[in-house]
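Input: a single structure, listed below in structure tokens.
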Amino acid sequence: MTCDDFQYRISAYMDGEMSSWSRWKVQTHLRFCPDCAGMLKDLSEVDNCIMASADSQQAPDYLTAAVMHRLPAMPPASRPRQLRLTFAAGMALLAMNVAGVGGAYWWGFTRGAEVTQAQGGGAVVNSSAPTSTGASSVVPVGITPRIGVLGSYWPTAPAPSVFAPPQHGGNTVKPQPKPKARFVPGQSQLQLQGAQ
Amino acid sequence: MNDDALVAECLRGDEDAFRVLVDRHRPRLHSLALGILQDADQASDAVQDAFLKAYSSLPEYRGRGVFPAWMRRILVNHCLSLLRQRHRYLSLEDLDQEMAANDRGPEEQVVVDSEMDGIRRAMNRLPAHYRTALVLRVVEQLSYKEIAQMLAVPESTIETWIHRGRLRMRQLLAQPGSRPAHERPLGSAKPVATPFRGLRL
């Protein structure tokens with residue numbers, strides 16, 4: 001180990017932050033190099049100076065009283081406990097919500113299974129699920145509609161877009177004109193023209 | 001009563017327990033703050049602020065007999081924030097410029113009244129990050145790993161800072177301005193025992 005190598009790692013050697021092998025090499029070098037040994041002695045004196053500087057001035061006596069005097073202005077030490085209670089209450093509320101939604105789903109599945117069994121299996125006619133054509137929807141076997149507090153939401157055909165062109169013919173019923181009201185003198189109420 | 005029991009008493013609202021904690025750790029923390037800040041008044045204020053921060057954070061204390069280390073971390077962080085406010089993080093180039101500006105002849109040197117003033121003067125001329133790392137290593141006897149975690153820098157950087165800090169302190173203490181007036185070459189030949197008397201020029 002050269003002097004440059006040693007002087008680069010001299011602080012690590014002083015502080016014990018060196019492997020045992022490197023430490024042995026440094027100690028061997030120190031035996032034969034008076035310059036490096038002198039530098040090590042100098043840096044040890046620097047450490048003594050720093051220690052002496054830190055211990056030279058005592059902490060003032062008023063420090064404790066000053067800290068205690070300023071304590072009442074600080075928030076109480078138990079404040080984070082309240083935060084913990086708030087967090088626990090929030091978690092309990094979240095758990096109740098999850099349990100309620102889960103229960104609603106479970107109740108819906110159970111009710112759907114009962115409907116399936118009551119109708120004898122096979123294809124299940126779900127009259128409660130409206131479709132765009134007005135006919136009953138046919139639900140495949142093994143899939144039960146969810147009927148619960150959230151209502152029936154078996155996927156139906158998408159609603160026609162308001163931008164789609166009007167479709168006539170087929171099963172589409174032509175809209176009837178709205179009857180007009182006509183006033184007849186001598187009668188107390190209106191008669192609707194065209195009404196039966 | 002150990003520190004953890006006193007912390008538990010503080011959390012129950014016993015302020016006297018906190019007074020015991022302050023009395024117990026005040027001297028060591030003040031030495032640490034003084035070593036980093038190199039100003040007695042600021043060190044006292046920093047220790048007060050650190051204790052008040054610790055009081056408000058006591059419920060977050062999860063240690064098992066590590067209250068001194070916990071307090072030390074709070075104090076070091078506070079001292080570093082103070083140093084940042086003072087813009088005292090000087091690079092080596094800045095330090096060299098500062099030293100060149102302060103290099104005066106023997107007649108212009110400020111008279112250093114005591115040995116400790118000379119050491120403090122040299123410490124005060126160190127870059128703050130070198131000084132902080134040196135104090136944490138030499139005074140608090142922390143390992144490089146602990147210092148690196150506290151200052152959030154790699155261990156190799158801490159080794160470099162400590163080494164350069166020692167070399168710079170050696171250089172500063174060897175300057176004539178760092179020595180007491182009665183120890184200057186033109187003064188009396190009476191030898192005076194100083195901690196840095198053995199430094200080679």
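Because the structure is predicted, anything quoted here is derived from the model rather than measured. In the text below, chain A, chain B and the rest are named by the order of the sequence lines, each starting its count at 1.
Between A:Asp42 and B:Arg166, none of the side-chain N atoms (NZ, or NE/NH1/NH2) sits under 4.0 Å from a carboxylate O, so this pair counts as no salt bridge. With respect to A:Glu45 and B:Arg170, no salt bridge is recorded, no charged nitrogen being found less than 4.0 Å from a carboxylate O.
Side chains of A:Met39 and B:Leu167 form a contact here, defined as non-hydrogen atoms less than 4.5 Å apart. In this structure the side chain of A:Tyr62 reaches within 4.5 angstrom of the side chain of B:Gln48, judged on heavy atoms. A:Asn48 has its side chain out of reach of B:Val138: every pair of non-hydrogen atoms, C-beta onward, lies at least 4.5 Å apart. The shortest distance between side-chain heavy atoms of A:Val46 and B:Arg168 does not fall below 4.5 Å.
In this structure, A:Cys49 SG and B:Met123 CE are separated by 10.0 Å, a value rounded to the nearest 0.5 Å. Going from atom CG of B:Leu134 over to atom OG of A:Ser11 covers 8.0 Å, rounded to the nearest 0.5 Å. Within the model, atoms CD1 of B:Ile119 and CD1 of A:Ile50 stand 9.0 Å from one another, a figure rounded to the nearest 0.5 Å.
Contacts of residues 19-32 of chain B with chain A at a heavy-atom distance below 4.5 Å involve B:Arg19, B:Val22, B:Asp23, B:Arg26, B:Pro27, B:His30, B:Ser31, listed in sequence order.
Only the side chain of A:Glu17 comes within contact range of chain B, with at least one heavy atom under 4.5 Å from a heavy atom of that chain. B:Ile162 touches chain A through backbone and side chain together, each having a heavy atom under 4.5 Å away. Heavy-atom distances place no part of B:Ser57 under 4.5 Å from chain A, backbone and side chain included.
Of the residues considered (A:Ala66, A:Pro60, A:Ala12, A:Gly16), A:Pro60 shows the highest number of contacts with chain B, using heavy-atom pairs under 4.5 Å.
Partner of B:Phe51 under the side chain to side chain contact (heavy atoms under 4.5 Å, CB included) criterion, out of A:Val67, A:Leu71, A:Thr64: A:Val67 alone.
A pairwise comparison of heavy atoms in A:Ala54 and B:Val139 identifies CB-CG2, 3.7 Å as the closest pair. When all heavy atoms of B:Glu159 and A:Tyr8 are compared, the pair lying nearest together is OE2-O, 4.5 Å.
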Next item on the list: Might you work through the side-chain contact (heavy atoms from CB on, under 4.5 Å) test for B:Met169 and A:Asp47, ending with a clear yes or no?
Entry: CA-CA 9 Å; B:Met169 275 294 287; A:Asp47 280 7; over 6 Å; no

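Under the side chain to side chain contact (heavy atoms under 4.5 Å, CB included) criterion, B:Gln42 pairs with B:Leu37, B:Asp39, B:Arg86, sequence neighbours left out.
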